[in-house]
Amino acid sequence: MRLSHNFTKTLREAPADEVALNAQLLIRAGFVYKEMAGAYAYLPLGIRVLEKIKQIVREEMNVIDSQEIIMTSLQNKAVWEKSGRWSDEKVDVWFKSKLQDGTDVGFGWTHEEPIIEMMQQYIQSYKDLPVSVYQFQTKMRNELRAKSGIMRGREFIMKDMYSFHANTEDLAGYYDKVIQAYERTYDRLGIGDDTYMTFASGGAFTKFSHEFQTICDAGEDVIYLHRGKNIAVNEEVLDEAIEELGLDKKDLEPIKTAEVGNIFNFGTQKSEEMGLYFTDQAGTQNPAYLGSYGIGITRVMGVIAEKFSDEHGLVWPNNIAPARVYLVQIGDVENQVNELYNKLQQAGIETIWDDRDMRPGEKFADADLIGIPHRVVVSPKTLEAGKLEYKSRSKSESQLIDEPTLFKLLSV
RNA sequence: CGGGGAGUAGCGCAGUUGGUAGCGCACGCGGUUUGGGACCGCGGGGUCGCAAGUUCGAAUCUUGUCUCCCCGACCA
């Protein structure tokens with residue numbers, strides 16, 4: 001990407017109505033645009049990060065044999081009435097509207113009911129089970145108050161996955177596979193070391209659901225961590241969990257965290273509500289066992305922006321940075337930079353080429369703000385030395401290296 | 001939804017005994033510059049959130065309304 005072709009521009013100062021660090025940095029650097037409270041547009045740089053996060057999640061869900069689909073944002077009132085959750089008293093985040101003929105429709109805040117409804121068409125026999133599906137969807141939730149930048153919006157992207165099983169053991173086995181897949185996912189996203197599986201409320205079938213909580217000052221949750229046993233408990237179920245798990249409160253350390261995932265074992269409750277039954281080997285009808293598994297994609301991006309930044313700007317982890325290399329052109333050296341740019345492209349190394357007609361200082365400042373992991377400078381000076389200037393975003397000193405060394409460095 | 005704060009140019013801000021709006025950044029033109037956000041000159045851009053009201057006159061006073069932010073509550 002040639003930066004001169006990018007329509008966004010960086011800001012020296014963040015808009016006054018943004019207090020959340022993630023939104024301040026992402027807006028200043030040109031990753032997102034705020035449409036209204038709790039609703040953000042994703043710009044070219046932001047899309048790159050978002051797609052990388054999605055791709056990592058996609059790959060890990062595929063590993064556990066889940067199949068990708070896309071459901072609809074418009075939802076059918078009748079489907080939700082089956083579970084009783086069309087009611088505004090039961091669900092206070094509904095966005096609702098009407099078709100021109102007066103028919104009520106809702107905007108999806110989750111897809112549990114619709115997916116169960118849909119799967120009735122495809123699951124009749126034990127032979128059709130197990131099955132797991134997932135999607136990346138924009139969820140709409142009419143929150144009373146949006147906050148924390150892109151970490152808690154009224155519109156956000158979530159990966160939601162649903163699995164259907166013939167019996168509780170099969171679901172339990174899959175549930176464990178999901179946990180492992182989530183752990184691999186958070187590792188690859190660069191937040192694995194700070195992310196804890198946490199006992200939380202909300203299990204319909206089991207006593208607890210499990211959240212994945214990432215240490216983050218901007219988070220909204222507090223978990224209690226037992227470092228020795230590596231067990232974490234959400235504050236909301238602290239007393240119950242201490243009792244259930246035989247923990248001593250004095251061994252637990254409270255930590256501020258942000259929820260980046262939540263998985264549920266619903267047992268057969270929802271299938272019974274919605275009427276999802278299958279025929280077993282004996283020819284009898286049974287409700288399917290359901291698991292539900294979410295990862296907040298845009299929230300993960302916010303958490304990472306929040307966690308990995310310094311006084312100069314964003315510091316993206318390698319795997320989700322919008323590019324690997326930020327190539328700074330200083331002076332009249334376009335041809336030489338173009339040559340290196342093409343080599344990087346051919347090597348499959350995503351590069352942002354700062355070919356703008358600006359002073360070096362501004363380019364360096366933007367390189368830092370945008371947070372690309374590797375910075376390479378080409379200037380008359382470096383060309384004279386027959387070298388390239390290299391700097392890692394996370395280090396303060398730069399060094400002169402030759403081209404083979406650069407490619408070796410980038411191949412890791 | 002309760003409490004608090006704020007809406008003036010794309011962004012950050014100034015502008016009270018009420019007198020017709022200004023600064024920095026950004027933007028356009030010219031020139032000098034060119035390795036960590038340059039400098040000089042000239043220039044464009046604002047229904048002062050919106051609507052009523054008071055007044056000869058309102059960014060400024062009154063009322064209403066919309067929006068945004070923070071704390072709390074809420075959060076499958």
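Residue numbers begin at 1 in each chain, while the letters A, B, ... track the order of the sequences.
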* Structure fact -> Each nucleotide of nucleotides 2-10 of chain B classed B (base within 4.0 Å of a protein heavy atom), S (only sugar-phosphate) or -, in 5' to 3' order, makes ---------
* Taking a pair as Watson-Crick or G-U wobble with both distances under 3.5 Å, which nucleotide is matched to rG37(B)? -> none
* Quick one: is K34(A) getting a side-chain N or O under 4.0 Å of the rC69(B) phosphate, OP1 or OP2? -> yes
* To do: Would you please classify the geometry between the Y293(A) ring and the Y174(A) ring as parallel, tilted or perpendicular, with 30° and 60° separating the classes?
  => perpendicular
* Structure fact -> The residue, F364(A) or R152(A), whose nearest nucleotide of RNA chain B is more 5′ is F364(A)
* Asked: In whole Å, what is the span from the CG atom of L144(A) to the P atom of rC1(B)?
  -> 7 Å
* Hey, can you tell me if W94(A) and W80(A) have their rings parallel, tilted or perpendicular (30° and 60° cut-offs)? => perpendicular
* Heavy-atom check, side chain of Q329(A) versus side chain of E334(A), under 4.5 Å -> yes
* Between rC70(B), rC75(B), rA26(B), which nucleotide gets closest to the side-chain atoms of K147(A)? -> rC70(B)
* To do: Round to the nearest Å and state the distance from R356(A) atom CZ to rU34(B) atom P.
  => 20 Å
* Asked: Does S398(A) or D221(A) map to a spot on RNA chain B nearer the 5' end, using the closest nucleotide for each?
  -> S398(A)
* Structure fact -> E211(A) CD to rC75(B) P, in whole Å, measures 12 Å
* Quickly work out the Y40(A) OH to rC69(B) P distance and round it to whole Å. => 6 Å
Atom pairs under 3.5 Å: protein N/O with N/O of nucleotides 12-15 of chain B:
from	atom 1	to	atom 2	distance (Å)
rG12(B)	OP1	A16(A)	N	2.3
rG12(B)	O4'	E13(A)	OE1	3.3
rG12(B)	O2'	E13(A)	OE2	3.0

* Structure fact -> By the Watson-Crick or G-U definition, both distances under 3.5 Å, rG57(B) is matched with none
* To do: May I ask you to say what K363(A) touches in the nucleic acid, namely base, sugar-phosphate or nothing, with a heavy-atom cut-off under 4.0 Å?
  => nothing
* To do: Give me the ring orientation class for F95(A) and F107(A): parallel if the planes are under 30° apart, tilted from 30 to 60°, perpendicular past 60°.
  => perpendicular
* Asked: Can we call the ring centroids of Y126(A) and F278(A) under 6.0 Å apart?
  -> no
Find every protein N or O atom lying less than 3.5 Å from an N or O atom of nucleotides 38-43 of chain B, and list the pairs.
from	atom 1	to	atom 2	distance (Å)
rA38(B)	OP2	R359(A)	NE	3.1

